[in-house]
Amino acid sequence: MSSGVLRCADGEVQIATDGAPLCSGTWTLVPVPEPFQLDQIDPTQASVYFSLGFSLVIPVWFAGMCVRKILSILN
């Protein structure tokens, strides 16, 4: 199922007295991507990405702890 939106291609959009949009050109249907749904996520792939996020944070945290220990020893 694809979805789309109407776009006024060759003119300007004006609002009628009853609130309806009027296009001075032609209306065209522009396709838009489907909305995100949670069941589209593969659980194994999501766990891999979650683990990769921790693998980026933990080395920086560990380096900061080491620098803090070294600076406390120097003081």
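Just so it is clear, the model here is predicted, and its values are computed rather than measured. Any value given below was found using the heavy atoms of this structure, including those in side chains, with hydrogens, waters and symmetry copies removed.
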Student: Show every side chain to side chain donor-acceptor pair (under 3.5 Å) that has at least one partner inside residues 51-66, sequence neighbours left out.
Tutor: none
Student: Can you name the side chain to side chain contact (heavy atoms under 4.5 Å, CB included) partners of Val57, sequence neighbours left out?
Tutor: none
Student: Going by atom type alone, with no hydrogens or angles, which donor-acceptor pairs under 3.5 Å involve a side-chain atom of residues 67-75 and a protein atom two or more places apart or on another chain?
Tutor:
unit_1 : atom_1 : unit_2 : atom_2 : d
Ser72  : OG     : Arg68  : O      : 3.4
Ser72  : OG     : Lys69  : O      : 2.8

Student: By the disulfide bond (SG atoms under 2.5 Å apart) test, which pairs, at least two apart or in different chains, include something from residues 19-74?
Tutor: Cys8-Cys23
Student: List in chain and number order the residues that pass side chain to side chain donor-acceptor pair (under 3.5 Å) with Asp42, two or more places apart in sequence or in another chain; answer none if no residue qualifies.
Tutor: Thr44
Student: Which pair of non-hydrogen atoms, one from Gly11 and one from Ser24, has the smallest distance, and what is that distance?
Tutor: CA-OG, 3.2 Å
Student: Suppose we screen for side chain to side chain contact (heavy atoms under 4.5 Å, CB included). Which residues come up paired with Thr26, at least two apart in sequence or across chains?
Tutor: Ala9, Asp10, Thr28
Student: Got a sec, which residues hit ring pair (Phe, Tyr, Trp, His ring centres under 6.0 Å) with Phe36, two or more places apart in sequence or on another chain?
Tutor: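 Listed in chain order: nothing, the list is empty.
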Student: For Tyr49, give me all partners under ring pair (Phe, Tyr, Trp, His ring centres under 6.0 Å), at least two apart in sequence or on another chain.
Tutor: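 Not a single residue meets the ring pair (Phe, Tyr, Trp, His ring centres under 6.0 Å) criterion with Tyr49.
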Student: How about Glu12: does its CD atom have over 12 heavy atoms from other parts shown lying under 6.0 Å from it?
Tutor: no
Student: What pair of heavy atoms forms the shortest contact from Pro33 to Ser3, and how long is it?
Tutor: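 It is O-OG, 4.1 Å.
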Student: In the hydrophobic clustering (ILVMFWY, side-chain contacts below 4.5 Å, transitive), which residues join Leu22, or is it alone?
Tutor: none
Student: Would you say that Trp27 contacts Pro21 through its side chain, given a criterion of any heavy-atom pair below 4.5 Å between the two side chains?
Tutor: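 They are in contact (side-chain heavy atoms under 4.5 Å apart), so the answer is yes.
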Student: Looking at every heavy atom in both Ala46 and Ile41, which two are closest together, and how far apart are they?
Tutor: CB-CG2, 3.7 Å
